[in-house]
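Data first, discussion second: the structure below is written as structure tokens.
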There are 2 protein chains.
Amino acid sequence: MVVTVVGIGLIGGSMAITLKESGFAKHIIGVDRSQENLDKAIRRRLIDEDLELNEGIDKADVIILATPVDTMKTLLPAILDRVNQQVVIDVGSTKVDLLETVKSHPKRGRYVSTHPMAGTEYSGPEAAIPNLFDGRCTVLCDVEDSDEDAVSKVKALCAAMNMRIVYLDAKSHDVHTAYVSHISHISSFALALTVLEKEQDEKRIFELASGGFSSTVRLAKSSPAMWVPIFEQNRDNVLDVLDEHINTLARFRSLLIKKDYESFEAMIRKANTIRKIIDK
Amino acid sequence: MVVTVVGIGLIGGSMAITLKESGFAKHIIGVDRSQENLDKAIRRRLIDEDLELNEGIDKADVIILATPVDTMKTLLPAILDRVNQQVVIDVGSTKVDLLETVKSHPKRGRYVSTHPMAGTEYSGPEAAIPNLFDGRCTVLCDVEDSDEDAVSKVKALCAAMNMRIVYLDAKSHDVHTAYVSHISHISSFALALTVLEKEQDEKRIFELASGGFSSTVRLAKSSPAMWVPIFEQNRDNVLDVLDEHINTLARFRSLLIKKDYESFEAMIRKANTIRKIIDK
């Protein structure tokens with residue numbers, strides 16, 4: 001199988017490694033608007049060759065679109081314009097907007113909307129790592145609009161990456177990801193800003209910060225080029241979650257002001273139940 | 001050196017392991033109001049024997065008070081009532097309140113206010129681990145009120161744990177910890193609650209949650225018995241930080257509402273600068 005990865009960054013690059021190592025892909029073609037990224041990807045052996053987009057499409061069996069989600073809205077229809085029997089997937093974190101752009105496309109069936117639920121706070125081809133996806137889950141959206149053989153090929157691709165599959169409609173996907181992913185990023189960005197603005201003495205933060213702090217602000221290192229378009233495309237859901245998150249923080253604040261430590265403790269006990277979800 | 005640890009949990013137990021392994025302590029005595037904890041600590045070889053508090057004080061060279069901070073306010077004066085030439089340290093996350101309780105104590109000089117900046121989201125003797133403190137920093141507060149030989153002994157104890165020392169007055173300590181530690185916990189508790197309340201379908205969260213989500217809510221597993229007294233004792237500083245954190249989130253919210261993605265991106269870029277602090 002020849003796989004073309006459009007956008008050789010953290011996700012595209014990590015998929016390239018995994019699909020090659022698993023034997024799913026015999027040959028990996030890289031397409032990227034940055035020649036520097038392509039050169040790095042060749043040096044790191046993430047890809048076997050780099051080509052222009054059209055050539056990459058023509059030579060591929062499977063095309064993986066792994067750019068920021070704003071670029072996807074232009075590229076996905078353009079790629080579908082050119083495909084014949086190839087299968088096209090995107091790996092974006094928002095789905096409704098993107099699906100809207102190709103909903104009436106004559107080649108819609110060749111496209112399978114795919115979201116592998118994994119990542120790190122780093123970006124670019126230098127951030128690509130093996131095992132990023134191992135044992136995690138991939139969401140496939142609106143599969144009833146894709147051709148059966150295309151879905152089968154994507155299932156095989158997920159199996160090659162050792163990923164479980166969850167089926168969701170695009171609208172539900174965007175609501176869930178606002179909760180389990182997008183809000184975590186805003187919370188981390190805000191926490192980093194809060195501390196940076198107050199603690200002008202960076203040396204002091206550096207000295208005092210323990211593992212707990214690093215853990216909660218880790219995502220604040222994430223790339224704006226990737227995340228701003230996600231917040232833009234999933235704006236309404238993110239606003240809903242953000243409102244609820246601010247309300248929850250305001251409840252903690254109000255209990256502190258009233259010195260109601262009993263209710264404060266009850267809220268913490270409830271928050272503790274997250275254990276059964278994240279202690280896998 | 002005989003070291004008595006009062007409160008054999010995550011911090012007390014981890015210190016017991018480290019001080020014994022480094023050779024600083026020849027013999028470790030455990031004191032805990034829970035006999036079950038003491039039995040576990042003996043089984044895990046965190047301590048050599050368990051004793052009642054008074055006997056533990058009498059036999060020790062150094063006494064480490066490692067209970068939740070509310071209990072410390074009762075125990076610290078009681079321990080100082082009984083000490084002769086022993087050195088007493090606490091390892092609490094808030095200092096002003098506790099120092100107030102012993103400020104005029106005739107044995108104040110034997111006490112050194114100590115905060116090793118390390119921890120995990122787990123608690124109890126089963127959570128104790130070696131290397132928890134390795135390379136991290138310990139804050140010593142108001143050392144000018146402690147006897148010189150007591151401070152020297154605590155410096156040697158920190159060196160045995162391979163910890164750097166930072167000197168702060170208690171008031172500054174409490175402000176800094178509100179920023180670099182306490183707010184991270186409230187943020188995690190709130191994030192966990194926000195997601196749990198909305199996502200009633202826990203299986204779905206479990207399936208979709210990736211490493212980023214786990215990282216930001218990790219601290220939400222922390223013990224309320226330890227944390228509620230910290231928030232109570234550091235209430236005013238925590239309220240200040242919480243207000244600022246809510247304001248920062250509200251700024252993100254307002255930019256989303258106005259669709260001002262350029263300013264949104266500028267805020268993320270600023271948050272990204274946390275890299276130079278946490279990428280050690």
Side-chain angles (χ1 to χ4, degrees), chain A residues 117-119 137 166 176 179-181 184 186-196 198-199 202 204-210 212-221 224 227-228 232 235 239 242 244-246 248-250 252-253 256 261 264-265 267-272 274-275 277-278, chain B residues 117-119 137 166 176 179-181 184 186-196 198-199 202 204-210 212-221 224 227-228 232 235 239 242 244-246 248-250 252-253 256 261 264-265 267-272 274-275 277-278:
Chain A
M117 302 297 290
C137 120
V166 171
H176 285 302
Y179 275 90
V180 301
S181 164
S184 287
I186 294 192
S187 167
S188 267
F189 291 132
L191 197 58
L193 283 174
T194 304
V195 174
L196 285 168
K198 177 68 180 197
E199 291 271 17
E202 290 176 0
R204 192 100 298 170
I205 313 178
F206 174 85
E207 281 174 341
L208 300 180
S210 64
F213 177 73
S214 300
S215 173
T216 42
V217 301
R218 177 168 80 77
L219 298 180
K221 298 187 270 177
W227 279 96
V228 173
E232 186 171 351
R235 171 179 173 269
L239 270 176
L242 188 51
E244 284 179 45
H245 185 49
I246 291 173
T248 309
L249 285 166
F252 276 115
R253 179 179 180 275
L256 269 187
Y261 299 111
F264 203 100
E265 178 169 345
M267 283 180 72
I268 293 183
R269 284 199 188 286
K270 203 171 162 202
N272 282 168
I274 200 76
R275 273 191 204 119
I277 294 167
I278 61 172
Chain B
M117 302 297 291
C137 118
V166 171
H176 285 302
Y179 276 89
V180 301
S181 164
S184 287
I186 295 192
S187 167
S188 268
F189 290 132
L191 196 58
L193 283 174
T194 303
V195 174
L196 285 167
K198 177 70 180 194
E199 289 272 17
E202 289 176 0
R204 194 101 294 173
I205 313 178
F206 174 85
E207 280 173 341
L208 300 180
S210 65
F213 177 73
S214 301
S215 172
T216 43
V217 301
R218 177 168 79 79
L219 297 180
K221 298 188 270 179
W227 279 95
V228 174
E232 186 171 351
R235 171 180 173 268
L239 271 175
L242 188 50
E244 285 179 44
H245 185 49
I246 291 173
T248 309
L249 285 166
F252 276 114
R253 179 178 180 276
L256 270 186
Y261 298 112
F264 202 100
E265 177 169 345
M267 282 181 73
I268 293 184
R269 285 201 188 283
K270 202 171 161 203
N272 281 168
I274 200 75
R275 274 191 204 120
I277 292 167
I278 60 172

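The figures here come from the full heavy-atom set of this structure, side chains too, leaving out hydrogens, waters and symmetry mates.
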Distance in Å, [X] [atom1] paired with [Y] [atom2], rounded so as to fall on 0.5 Å steps:
X: B:Ile186; Y: A:Leu256; atom1: CD1; atom2: CG; result: 5.5 Å
X: B:Arg275; Y: A:Arg218; atom1: CZ; atom2: CZ; result: 13.0 Å
X: B:Lys221; Y: A:Ile268; atom1: NZ; atom2: CD1; result: 15.5 Å
X: B:Ile277; Y: A:Leu208; atom1: CD1; atom2: CG; result: 11.0 Å

Among the listed options A:Met117, A:Arg253, A:Glu244, the residue most often paired with chain B at heavy-atom distances under 4.5 Å: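 Max contact count across the listed options: A:Arg253.
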Selection from A:Phe189, A:Tyr261, A:Phe264 maximising heavy-atom pairs under 4.5 Å formed with chain B: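 Of the options given, most contacts go to A:Tyr261.
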Side chain to side chain, A:Lys270 and B:Leu196, heavy atoms closer than 4.5 Å: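 SC-SC contact between A:Lys270 and B:Leu196 ruled out.
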Interface moiety of [X] toward chain A, non-hydrogen atoms closer than 4.5 Å:
X: B:Val195; value: both
X: B:Leu242; value: side chain
X: B:Ala220; value: both

B:Thr216: side chain to side chain contact (heavy atoms under 4.5 Å, CB included) partners, not counting sequence neighbours: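 In terms of side chain to side chain contact (heavy atoms under 4.5 Å, CB included), with neighbours along the sequence ignored, B:Thr216 is linked to A:Ser184, A:Ser188, A:Leu219, B:Leu191.
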By side chain to side chain contact (heavy atoms under 4.5 Å, CB included) - contacts of B:Glu265 (at least two apart):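 For B:Glu265 the side chain to side chain contact (heavy atoms under 4.5 Å, CB included) partners, ignoring immediate neighbours, are A:Pro224, A:Val228, B:Arg269.
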Top contributor to chain A contacts, counting heavy-atom pairs under 4.5 Å, from B:Ser215, B:Gly212, B:Cys137, B:Ala192: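 The option with the most such pairs is B:Ser215.
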Minimum heavy-atom distance A:Ala190-B:Leu249, with the two atoms named: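 For A:Ala190 versus B:Leu249, the nearest heavy atoms are CB-CD2, 3.5 Å.
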Verdict with reasoning, A:Phe252 to B:Leu239, per side-chain contact (heavy atoms from CB on, under 4.5 Å): CA-CA 9 Å; A:Phe252 276 115; B:Leu239 271 175; over 6 Å; no
